[in-house]
Protein chains: 2
Amino acid sequence: MRLSTKGRYAVTAMLDLAIHHGEGAVTLADISEAQGISLSYLEQLFARLRKNGLVEGIRGPGGGYQLSRPPTEISVAHVIDAIGEGVDVTLCGGKTDCQEGERCLTHELWQQLGGRIHEFLEGITLDSFLKRKNVNAVVRRQQNDLAVETPRLRKTVA
Amino acid sequence: MRLSTKGRYAVTAMLDLAIHHGEGAVTLADISEAQGISLSYLEQLFARLRKNGLVEGIRGPGGGYQLSRPPTEISVAHVIDAIGEGVDVTLCGGKTDCQEGERCLTHELWQQLGGRIHEFLEGITLDSFLKRKNVNAVVRRQQNDLAVETPRLRKTVA
DNA sequence: TATTTCCTGACTATTTTACTTGGTTATTAT
DNA sequence: ATAATAACCAAGTAAAATAGTCAGGAAATA
Ligand code: FES
Ligand code: FES
């Protein structure tokens, strides 16, 4: 009962964007360094996020990505869905046909579970999540790490 | 956001066992046929289920498997846990160390989600699930399928 | 003793995930 | 202009997980 980790990366990256919302664009290179995700992998994820209207890409120097809506209006479910998988917990993919064209014994169970997971994720916005105490501590730690590592700071770290 | 499907097979097989609870042992060959799961794969799954005390194996002719507790006392969560993965939704596996030894941004999110999933599955017993209307319809369909296919019926199908 | 069925371990194919490579375009700064 | 920056794009690859096979044993029954 593992959950696929692709969505995890997307959510992490989106949170990084949310942290710097209103401060101009953030480059994928920055996110890659701060969150420890491969740059090219991020590019693939952001292609999806962009096509689903969650982020805007800005090319050229000084460019990067930024949220296309305020972080109060983007839920974790939005991000997961944009990545392309939805929350598909059934084997049949909602078609009710995985046992020789007919509904299998457990279809209803997984369908319900999928619904629950989605509801849960819908209830959490990027903004509300970042305001949690534990999460905020991580944000501050990452900013300190960056300040130590790089002589030229990210413009957003005061 | 797919869920691993290994647990799905285990739950399906356990439901088959629950259907025939109190009617003697059911062979893996029967389950394999009724639910469309490979026999050798079932054997691997049942090794786990047995080690975790959910089922009892009986060897020799007339043998098979049966639940070691009544289906009212086995939850779907029990089955999933026995299969060995637990409901591990975090990347770090609960160690809070997936970003260079420290807690990553999203740890709390996945940990909470995992908790919700587990609670949901704890609340569903094999017995209660089989009593649902939709599910019961599938059970009856499978019994009819069997009756048509095999001249010598499963002893449990009257 | 022959058959049935569980039981075990190792091995293989397939799929998914995570990542790389090698580019191209658009934008800005010099 | 031209050089630097950074998004964009299309493949291809490496590693891991999943799903399944194979070949044989060991206990129980008839
Ligand atoms: S999971 Fe939908 S029919 Fe089996
Ligand atoms: S998921 Fe636990 S620290 Fe990242």
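Proteins get letters first, then strands, A, B, ... in listed order; numbering begins at 1 in each.
Of the possible polar contacts, one joining the H78(A) side chain to the S75(A) backbone as a donor-acceptor pair under 3.5 Å is found. A donor-acceptor pair under 3.5 Å is formed between the side chain of T12(A) and the backbone N or O of R8(A). The closest donor-acceptor contact from the side chain of T106(B) to the backbone of L109(B) lies at 3.5 Å or more, if one exists at all. A donor-acceptor contact shorter than 3.5 Å links the side chain of H20(B) to the backbone of D16(B). A donor-acceptor distance shorter than 3.5 angstrom exists from the side chain of S68(A) to the backbone of G53(A), with no hydrogens or angles considered.
If you take NZ of K51(A) and P of dA7(D), they are 16 Å apart, rounded to a whole angstrom. For the pair F46(A) CZ and dC9(D) P, the computed distance is 15 Å after rounding to whole Å. If you take CD of Q35(A) and C1' of dA18(C), they are 17 Å apart, rounded to a whole angstrom. One can place CG of L42(B) at 15 Å from P of dT8(C), the figure rounded to the nearest angstrom. Atom CD in E33(B) sits about 13 Å away from atom P in dT5(C), given to the nearest Å. Taking atom CG of L17(A) as the reference point, atom P of dA6(D) lies 15 Å away to the nearest angstrom. Here dC6(C) presents its P atom at 9 Å from CG of D30(B), a figure rounded to the nearest Å. For the pair L45(B) CG and dC7(C) C1', the interatomic distance rounds to 14 Å; values are reported in whole Å.
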Contact string for nucleotides 20-30 of chain D, one letter per nucleotide 5' to 3', B = base within protein heavy-atom range under 4.0 Å, S = sugar-phosphate only, - = neither, reads BBB---BSBB-
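Residues satisfying the side-chain contact (heavy atoms from CB on, under 4.5 Å) test with L45(A), not counting sequence neighbours, are K6(A), Y9(A), I83(A). With sequence neighbours left out, the side chain to side chain donor-acceptor pair (under 3.5 Å) criterion links K133(B) to no other residue. For Q66(A), there are no side chain to side chain donor-acceptor pair (under 3.5 Å) partners two or more places apart in sequence or in a different chain.
The side chain of R50(A) places no N or O atom within less than 4.0 Å of a non-bridging phosphate oxygen (OP1 or OP2) of dA7(D). Using a 4.0 Å cut-off, some side-chain N or O of Y65(A) falls inside it from OP1 or OP2 of dC8(D).
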Can you tabulate the close N/O pairs, meaning under 3.5 Å, that link protein atoms to atoms of nucleotides 13-15 of chain D?
none

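Applying the salt bridge (Lys or Arg N to Asp or Glu O under 4.0 Å) test to every pair with at least one member in residues 49-75 of chain B, sequence neighbours left out, gives no pairs at all.
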